[in-house]
Amino acid sequence: KIEPEPLSSNPNASLYRISKEDHTLGYLLQKKLHEDSLVKVAGYRVPHPTKHNIELRVQTGKDGSGREIPTPSAAVDKALDLIIVDLNNFRSQLVTDAKNKGFMLDPKLEHGPVLQ
């Protein structure tokens with residue numbers, strides 16, 4: 001569950017509280033957001049080490065290209081979509097390599113649903 005919290009100091013900045021997640025998703029989102037030149041700030045923290053929650057801060061801004069500045073929510077949505085594409089590509093490559101090496105695959109992995 002993702003709860004957005006716009007920051008009153010800047011309309012292009014938001015804080016997202018993401019429950020039941022940890023450093024794995026936080027790091028993936030941070031790295032994917034940094035690939036977008038319209039994202040000026042992307043960082044996460046785990047507020048407490050024994051609770052599985054993260055806080056993601058995102059700020060968007062101009063990059064000099066003249067492209068429209070996305071909202072922080074649009075930037076996060078795009079990053080999540082790109083992460084899913086990366087994971088599906090990874091799974092496809094893993095299945096292909098495993099088949100080429102003669103490994104027996106779990107049918108769920110080989111023919112399972114594509115991440116969405």
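Basis for what follows: all heavy atoms, side chains included, without hydrogens, waters or symmetry-related copies.
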- Query: Under 4.5 Å between side-chain heavy atoms, hopping through other hydrophobics if needed: is there a path connecting V58 to L38?
  - Reply: no
- Hey, any chance V76 and L87 share a hydrophobic cluster, counting ILVMFWY side chains that come within less than 4.5 Å of each other, even indirectly? yes
- Verify the neighbour count for atom NE2 of H34: are there more than 12 heavy atoms of other residues, nucleotides or ligands below 6.0 Å? yes
- Is there side-chain contact between I18 and L25, with heavy atoms separated by less than 4.5 Å? yes
- Members besides I69 in its Ile/Leu/Val/Met/Phe/Trp/Tyr cluster (side-chain heavy atoms under 4.5 Å): none
- Kindly give the heavy-atom pair with the smallest separation between V39 and L33, and that separation in Å. CB-O, 3.4 Å
- Task: For residues 2-26, pull every pair meeting ring-ring contact (aromatic ring centres under 6.0 Å, His included), keeping only residues two or more places apart or in separate chains.
- Result: H23-Y44
- Report yes if the side chains of D36 and K78 come closer than 4.5 Å at any heavy-atom pair, otherwise no. yes
- Task: Would you kindly confirm whether V46 and Y27 end up in one hydrophobic cluster when ILVMFWY residues are joined by side chain heavy atoms under 4.5 Å apart?
- Result: yes
- Item | Set of residues satisfying side chain to side chain donor-acceptor pair (under 3.5 Å) with respect to D97, sequence neighbours excluded | Q93
- For R17, check side chain to side chain donor-acceptor pair (under 3.5 Å) against everything at least two apart and list the hits. E5, E55
- Test K32 against D86 for side chain to side chain contact (heavy atoms under 4.5 Å, CB included), laying out the working first. CA-CA 10 Å; K32 198 53 77 172; D86 288 347; 2.6 Å; yes
- Message: Using a 3.5 Å distance criterion without hydrogens, assess whether the side chain of T60 forms a donor-acceptor pair with backbone atoms of P70.
- Response: yes
- Item | All side chain to side chain donor-acceptor pair (under 3.5 Å) counterparts of T24, not counting sequence neighbours | D22
- Message: If hydrophobic clusters are built from ILVMFWY residues whose side chains come within less than 4.5 Å, do I84 and L82 share one?
- Response: no
- Go through I83 and L29 one step at a time and tell me if the side chain to side chain contact (heavy atoms under 4.5 Å, CB included) criterion holds. CA-CA 8 Å; I83 288 168; L29 277 168; 4.0 Å; yes
- Indicate yes or no: at least one non-hydrogen side-chain atom of R57 is less than 4.5 angstrom from one of V41. yes
Show which side-chain atoms of residues 61-68 pair as donor or acceptor with protein atoms under 3.5 Å away, not counting sequence neighbours.
unit_1 : atom_1 : unit_2 : atom_2 : d
D63    : OD1    : S65    : N      : 2.9
D63    : OD1    : S65    : OG     : 2.6
D63    : OD2    : S37    : OG     : 2.6
D63    : OD2    : S65    : OG     : 3.3
D63    : OD2    : R67    : NH2    : 2.9
S65    : OG     : R67    : N      : 3.2
S65    : OG     : R67    : NE     : 3.3
R67    : NH2    : S37    : OG     : 2.7

- Rounded to the nearest 0.5 Å, the CD atom of E3 sits from the CG atom of N53 at a distance of 9.0 Å
- For the student: nearest non-hydrogen atoms of P6 and S14, plus distance: CA-OG, 3.8 Å
